[in-house]
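So you know, we letter chains A, B, ... as the sequences are listed, proteins then strands, and number each from 1.
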Amino acid sequence: MDVSHLLDRLNDAQRQAVTAPVAPTLVLAGAGSGKTRVLTHRVAWLVEVENVSPHAILAVTFTNKAAGEMRGRIEAMLDLPAAPLWVGTFHGIAHRLLRIHWREAGLPQTFQILDSEDQLRVLRRLVKSLELDESRWVPREVQWFINAQKDEGLRPSALKDDGDPTRRQLIALYAAYQETCDRTGVVDFAELLLRVFEMWQQDAQLRAHYRGRFRHVLVDEFQDTNAIQYAWLRALTGSEGTPFVVGDDDQSIYRWRGARVENLARFQRDFPGTQLFRLEQNYRSTGNILAAANGLIRHNSGRLGKNLWTSGERGEPVRLYAAYNERDEAEFVLSRIREWREQGGALRECAILYRSNAQSRVFEEALMSARMPYRVYGGLRFFERAEIKDALAYLRLIFNRADDASFERIVNLPTRGIGQKTLDAVRDYAKSNACTLWEAAGATIAELGPRGGASLHGFLALVEQLDRDSRALPLHEQVDQVIAASGLLAHYRKDKGDRGEVRVENLEELVSAARGFDAEDVEELSPLASFLSHAVLESGEGQAGEWEDGVQMMTLHSAKGLEFPVVFLCGLEDGLFPHQRSVTDVAGLEEERRLCYVGATRAMRQLWLTYAEQRRLHGADSYGAPSRFIREIPEELIEEIRLRIQVSRPVRVAGRRGPIEEAVGGVRLGQRVRHGKFGDGVVLGLEGQGSHARVQVVFERQGTKWLMLAYANLEPL
DNA sequence: CGTGGGCGGATTTTT
DNA sequence: TCCGCCCACG
């Protein structure tokens, strides 16, 4: 059989991994080393050479985007629809299994998925109803606690309070929350995985069935798996299984949300005879950029070990710019982008990466006033918009009357005279009778006053009628009907300004989305149910105009997996990056370093590092020392840019200079001074203290400048 | 019932 | 500084 089309575009290491015998396999794949290519080729190899039925293959990723990409590439390679092949996210696959095995999993057939926002609302409600102090039991923190437990595979009954009253209360909240979810037929994201895991654990027959079926499980980004995902994989494959996993310990940046890098090392222990492959040849970046990234990541301990190399050119040096403040930083980046464009480059080839979202504003302002198009990643996504979630809540309630979260959301939207008092009565009834809000509403109407009772009755009747009227309609007409007849559309039309307009447009867009929705044919699932799950699991891209040329802006986290010819790593100041809250322990600092490594390895041709000596943060000025990460990059690879003359101090000066207070004493407002380069001038401003003190000097020939006093070497005249 | 002012808090994000 | 949340008022 001719397999050359499977192999001829692979290098040696890639080829070895792709053609490895069927056995547990771990591929350590550095940034830009062709990880996805190896995965997709492996699938093709299994099908075409090992004669594996696509039916027996399960490929798992973390994001829908990655899953979609992989599916597309596999289909293209195999030249056949990949339908029998399961490709998806952990959550997507778990959902699919639960739809098939809802009985075995102990779920109602109509179960719905709770997204994080819904989950938070449920918890807020719960904390209130238990009359707990919300400042002591912050819903967000409770949410964090619960999800962390689920990610570890732990149920409330498995938790011990160790005599700690705080923990005891959290466990109680977890238990109460779970009861609420079970009663109302909703599952949160973590629950999807946990349910399937438990189902496999308890049902030997089912487990055997899936072990027999999915003989070939492939996992991407394995360093991002958490405890339950790992347990899930082991339950599915058993000790005899032959999973093929790909990952990079150096790119593990999600420890804070439960990811366990150790899973990479653990894999080798848990699957004896694991074949290990390393992909170290990088096809993305220039030699200098790679050397810088390697130099940086070398400072981490406990790595599995890997050194990226390239056969390409060394390229330009990595460049460093010490900005005076955050606006100067933005201006600098802007002018470099202009240069790139003047040389024929496209804006979309430039990416501005930062540690935290708050940093984007200054760049946006600068880009906007320069009329340079840009795109910020990571805003609110389509299915997360309030008006969309309102419409979905109607649909969900129509589908499942027990969905309390949806009930709460829309019972009085648009306002229909169902106030706090009415709702309290309903909630009380539901609580004491352990029933759903829907049932409680029906039961309490009689006890309520005529006004509240009538309103509530009106709401119940509305939902029933929507259900009756739209049940037989095709999905998009059903959606259309519901947003119109519920009064939602009219409600948002009344919103003043263009905000209302946008919302109406979004609702109309929802109808289009429903029209274009291609229901996966999962057994026993109606198009509506399928659409609702899709909306939660794939909340959709945030912004339009993806194809317009524009500067790309995003956090370092969201840059993972992407590449750009020109990359600006901004805000490299201790305290900001590495972030203040991560430097208290070694593990946190190492994760920050990996984040920096991820950022650097996004760059193909040019890598720019910038930091600001002064930064306005949370309304106050802060002064951060240059990030330690800058110092960790081999000096000879970096070229420091100085546009202004000596405003910045050289980063590589080890410590700070001697007692600066003396210098402060030597300068007063109005004093005439002499500067080595700027000549004579007058001090007009003094700001800051100690090593951060700055002076504003009006020079006779060079105009007004702010200088760091400690390094300006001013000579009093 | 909806809005506006006061208050506190302010990594990172996917599903 | 800015945003989101809560409560009080119209």
Q: Examine dT11(B): is either OP1 or OP2 under 4.0 Å from a nitrogen or oxygen in the side chain of Arg257(A)? Give yes or no.
A: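 Checking Arg257(A) against dT11(B): no side-chain N or O falls below 4.0 Å of OP1 or OP2.
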Q: Taking all non-hydrogen atoms of both residues, which atom of Leu437(A) and which atom of Asp404(A) are closest, and how far apart?
A: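 Shortest heavy-atom separation between Leu437(A) and Asp404(A) comes out as N-OD1, 2.9 Å.
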Q: Verify the contact: side-chain N or O of Thr555(A) to OP1 or OP2 of dT13(B), cut-off strictly under 4.0 Å; return yes or no.
A: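 Yes, Thr555(A) has a side-chain N/O under 4.0 Å of OP1/OP2 on dT13(B).
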Q: Would you mind reading off the distance between Tyr354(A) atom OH and dA10(B) atom P, rounded to a whole angstrom?
A: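 Atom OH in Tyr354(A) sits about 20 Å away from atom P in dA10(B).
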Q: What is the distance, to the nearest angstrom, from the CG atom on Leu114(A) to the C1' atom on dT14(B)?
A: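 To the nearest whole Å, that distance equals 15 Å.
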Q: CG of Leu562(A) versus P of dT14(B): gap in Å, rounded?
A: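 For the pair Leu562(A) CG and dT14(B) P, the rounded distance is 11 Å.
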Q: Where the side chain of Arg581(A) is defined as all heavy atoms beyond and including C-beta, which of dT15(B), dT11(B), dC5(C) is the nearest nucleotide?
A: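 Per side-chain heavy atoms of Arg581(A), the pick is dT11(B).
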Q: Would you confirm whether Ser252(A), through its side chain, and Asp249(A), through its main-chain N or O, come within 3.5 Å as a donor-acceptor pair?
A: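 Answer holds: no.
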Q: Look at the side chain of Arg361(A) and decide which nucleotide, out of dT11(B), dC2(C), dT15(B), has an atom nearest to it.
A: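 The answer is dC2(C).
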Q: Give a yes or no on whether the backbone of Ile352(A) and the side-chain of Gln552(A) come within a donor-acceptor separation of less than 3.5 Å.
A: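 No.
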Q: I want to confirm an ordering. Mapping Gln420(A) and His618(A) to their closest nucleotides on DNA chain B, which one lands closer to the 5' end?
A: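 Of the two residues, Gln420(A) wins.
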Q: Between dT12(B) and dC5(C), how far apart are the two C1' atoms, rounded to whole Å?
A: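 Taking atom C1' in both dT12(B) and dC5(C), they lie 23 Å apart.
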Q: Counting only side-chain heavy atoms from C-beta out, which of dT12(B), dT15(B), dC6(C) sits nearest to Thr89(A)?
A: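 So the side chain of Thr89(A) is nearest to dT15(B).
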Q: dT11(B) base stacked by Trp256(A)? Criteria: ring centres under 5.5 Å, plane angle under 30°.
A: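 Per 5.5 Å and 30° rule: no stacking.
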Q: dT11(B) and dC6(C): how far apart are their C1' atoms, nearest whole angstrom?
A: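 It works out to 25 Å between them.
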Q: Considering every strand and a 4.0 Å limit on heavy-atom distances, what is the contact class for Asn64(A): base, sugar-phosphate, or nothing?
A: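 Counting heavy atoms under 4.0 Å across all strands, the contact made by Asn64(A) is with sugar-phosphate only.
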Q: Please check this pair: side chain of Gln119(A) against backbone of Leu114(A), looking for a donor-acceptor N/O pair closer than 3.5 Å.
A: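 No, the answer is negative, given that no donor and acceptor are paired below the 3.5 Å cut-off.
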Q: Parallel, tilted or perpendicular: which one describes the rings of Trp256(A) and Trp144(A), with boundaries at 30° and 60°?
A: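 Correct class here is parallel.
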Q: Can you tell me how far P of dT1(C) sits from CD of Gln614(A), to the nearest Å?
A: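 In whole Å, dT1(C) P and Gln614(A) CD are 14 Å from each other.
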Q: Given atom NZ of Lys150(A) and atom P of dT14(B), what is their separation to the nearest angstrom?
A: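 Distance check: Lys150(A) NZ to dT14(B) P gives 21 Å.
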Q: Here's a test of your reading of the structure: between His579(A) and Leu537(A), which maps to the more 5' nucleotide of DNA chain B?
A: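 Comparing both residues, the 5'-ward one is His579(A).
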Q: Find the distance Arg381(A):CZ to dT13(B):C1' and express it as a whole number of Å.
A: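 In whole Å, dT13(B) C1' lies 8 Å from Arg381(A) CZ.
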Q: Any donor-acceptor pair, under 3.5 Å, between the side chain of Arg355(A) and the base of dT12(B), if you only look at N and O atoms?
A: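 For Arg355(A), whose side chain was compared with the base of dT12(B), there is a donor-acceptor pair (under 3.5 Å).
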Q: Can you list the steps and then say if Arg121(A) with Glu408(A) is a salt bridge (Lys or Arg N to Asp or Glu O under 4.0 Å)?
A: CA-CA 9 Å; Arg121(A) 292 166 83 100; Glu408(A) 290 258 11; over 6 Å; no
Q: Strictly below 4.0 Å: does Asn357(A) bring a side-chain N or O up to OP1 or OP2 of dT13(B)?
A: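 True: Asn357(A) side-chain N/O within range (under 4.0 Å) of dT13(B) OP1/OP2.
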Q: Give a yes or no on whether a donor-acceptor pair under 3.5 Å exists between the nucleobase atoms of dT15(B), that is its base, and the side chain of Ser116(A).
A: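 Answer yes: a donor N or O sits under 3.5 Å from an acceptor.
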Q: Assign Ile418(A) to base, sugar-phosphate, or nothing according to its heavy-atom contacts below 4.0 angstrom with the strands shown.
A: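 Here Ile418(A) touches the backbone only, sparing every base.
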Q: Contact class for Asn412(A) (heavy atom, under 4.0 Å): base, sugar-phosphate, or nothing?
A: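 Sugar-phosphate contact only - Asn412(A) comes under 4.0 Å of backbone atoms but never of a base.
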Q: Does dG2(B) have its OP1 or OP2 closer than 4.0 Å to a side-chain nitrogen or oxygen of Thr415(A)?
A: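 The answer is yes; a side-chain N or O of Thr415(A) sits under 4.0 Å from OP1 or OP2.
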Q: Glu592(A) near the nucleic acid: base, sugar-phosphate alone, or nothing, with a heavy-atom cut-off under 4.0 Å?
A: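 The residue Glu592(A) makes base contact.
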Q: Between dT1(C) atom P and Glu365(A) atom CD, what is the distance in whole Å?
A: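 The distance from CD of Glu365(A) to P of dT1(C) comes to 13 Å, rounded to the nearest Å.
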Q: Of Leu392(A), Asp118(A), Leu532(A), which is the lone residue that meets side-chain contact (heavy atoms from CB on, under 4.5 Å) with Gln112(A)?
A: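 Answer to the side-chain contact (heavy atoms from CB on, under 4.5 Å) test with Gln112(A) among Leu392(A), Asp118(A), Leu532(A): Leu532(A).
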Q: In whole angstrom, what separates Gln223(A)'s CD from dT14(B)'s C1'?
A: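 From Gln223(A) CD to dT14(B) C1': 14 Å.
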Q: May I ask you to say what Asp115(A) touches in the nucleic acid, namely base, sugar-phosphate or nothing, with a heavy-atom cut-off under 4.0 Å?
A: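 Result for Asp115(A) = nothing.
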